[in-house]
Amino acid sequence: QVQLMESGGGSVKAGGSLTLACVISRYSWRRYCMGWFRQVVGKEREGVAAIYTGRGSTYYADSVKGRFTISQHNAQNAFRLQMNSLKTEDTAVYYCVAEPRDCQDLWVGSQVHPWEYNYWGQGTQVTVSS
């Protein structure tokens, strides 16, 4: 069974930076779309960023463009989300997600629905204080 494991969450002051990591294992796909969602209690999950391993193409929500960077790190199955210039509204639980499809088939512009992804990590808390 595919497994996704996040790490790197924590607390930071507004304007600071955090890096989230995700490692995917027990998969047999050649190419896939890997991404990050976030959720605040009482609100819908929001797609934050994604990267397609086939081309390295990336996708971002408008709310994080220019501040967050998703990348494939070293091994084929390791990814990072570099979050800079963090704002209090970035506070959420962040989930690593994956789907064996091209990201361009999942994202519509800068948006993606959570049901497009079938594989989810357990989530990691990010708290940004003022």
Side-chain angles (χ1 to χ4, degrees):
Q1 185 174 353
V2 175
Q3 291 187 340
L4 297 159
M5 181 66 69
E6 306 101 334
S7 62
S11 298
V12 66
K13 291 282 191 181
S17 299
L18 276 176
T19 302
L20 302 183
C22 178
V23 175
I24 182 171
S25 60
R26 299 186 181 182
Y27 69 103
S28 58
W29 316 319
R30 288 189 62 190
R31 301 177 185 89
Y32 55 98
C33 179
M34 180 277 166
W36 294 89
F37 271 75
R38 65 186 181 186
Q39 186 171 28
V40 177
V41 174
K43 293 189 176 181
E44 292 185 356
R45 292 185 176 184
E46 175 191 21
V48 174
I51 185 168
Y52 178 53
T53 63
R55 292 186 304 275
S57 47
T58 57
Y59 303 77
Y60 295 96
D62 288 340
S63 57
V64 305
K65 278 180 183 175
R67 300 189 298 121
F68 290 12
T69 302
I70 189 170
S71 61
Q72 196 166 356
H73 177 63
N74 289 339
Q76 176 75 12
N77 64 335
F79 299 87
R80 283 181 174 172
L81 183 68
Q82 177 66 42
M83 304 184 294
N84 298 328
S85 302
L86 282 162
K87 305 176 181 179
T88 54
E89 52 263 43
D90 293 318
T91 295
V93 176
Y94 284 71
Y95 296 90
C96 176
V97 296
E99 182 66 22
R101 296 168 61 191
D102 193 328
C103 295
Q104 68 181 9
D105 296 330
L106 309 180
W107 284 66
V108 178
S110 59
Q111 295 182 320
V112 61
H113 295 296
W115 57 78
E116 295 285 7
Y117 290 90
N118 285 300
Y119 301 94
W120 291 71
Q122 294 298 308
T124 185
Q125 177 70 45
V126 171
T127 302
V128 184
S129 59
S130 58

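Just so you know, these numbers come straight off a predicted model, no measurement behind them.
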Considering only residues two or more places apart or on different chains, which pairs with a residue in residues 48-59 satisfy salt bridge (charged side-chain N to carboxylate O under 4.0 Å, His left out)? Arg55-Asp102
List the steps and the verdict of side chain to side chain contact (heavy atoms under 4.5 Å, CB included) for Leu20 and Phe79. CA-CA 8 Å; Leu20 302 183; Phe79 299 87; over 6 Å; no
Residues forming a ring pair (Phe, Tyr, Trp, His ring centres under 6.0 Å) with Tyr94, sequence neighbours excluded: none
ILVMFWY cluster membership beyond Val97 - transitive side-chain contacts under 4.5 angstrom: Phe37, Tyr59, Val93, Tyr95, Leu106, Trp107, Val112, Tyr117, Trp120
Between atom CG of Leu81 and atom OH of Tyr60, what is the distance when rounded to the nearest 0.5 Å? 7.5 Å
Report yes if the side chains of Met34 and Gln72 come closer than 4.5 Å at any heavy-atom pair, otherwise no. no
Which distance, rounded to the nearest 0.5 Å, do you find between the NE2 of His73 and the SG of Cys22? 12.5 Å
Do other residues, nucleotides or ligands put more than 12 heavy atoms under 6.0 Å from the CD atom of Gln125? yes
Less than 4.5 Å apart, any side-chain heavy atom of Trp29 and any of Val2? yes
Please find the pair of heavy atoms, one from Arg31 and one from Gly54, that lie closest to each other, and give the distance. CD-CA, 3.6 Å
Looking at Glu89, I want to see if its CD is surrounded by more than 12 non-hydrogen atoms of other residues, nucleotides or ligands under 6.0 Å. yes
Might you point out which heavy atoms bring Ser17 and Asn84 nearest each other, and give the distance in Å? OG-OD1, 2.9 Å
Would a 4.5 Å heavy-atom cut-off, applied to side chains only, mark Phe68 and Asp90 as touching? yes
For Glu46 and Ser63, does a side-chain donor sit closer than 3.5 Å to a side-chain acceptor? yes
Check whether Val48 and Tyr32 end up in the same hydrophobic cluster, where Ile, Leu, Val, Met, Phe, Trp and Tyr are linked by side-chain heavy atoms less than 4.5 Å apart. yes
Point-to-point distance, once rounded to the nearest 0.5 Å, from OH of Tyr119 to CD of Gln1: 8.5 Å
Can you measure from OG1 (Thr124) to CG (Leu18) and round to the nearest 0.5 angstrom? 9.0 Å
What's the spacing between Thr69 OG1 and Arg80 CZ if we round to 0.5 Å? 12.0 Å
Considering only heavy atoms from C-beta outward, does the side chain of Trp36 approach that of Glu6 to under 4.5 Å? yes
Would Lys65 and Asp62 pass as an ion pair if we require N to O under 4.0 Å? yes
Just wondering, do Ser25 and Gln3 contact through their side chains at under 4.5 Å, heavy atoms? yes
Once you round to the nearest 0.5 Å, how far does OG1 of Thr53 lie from CZ of Arg30? 10.0 Å
Shortest non-hydrogen contact from Ala50 toward Cys33: CB-SG, 3.9 Å
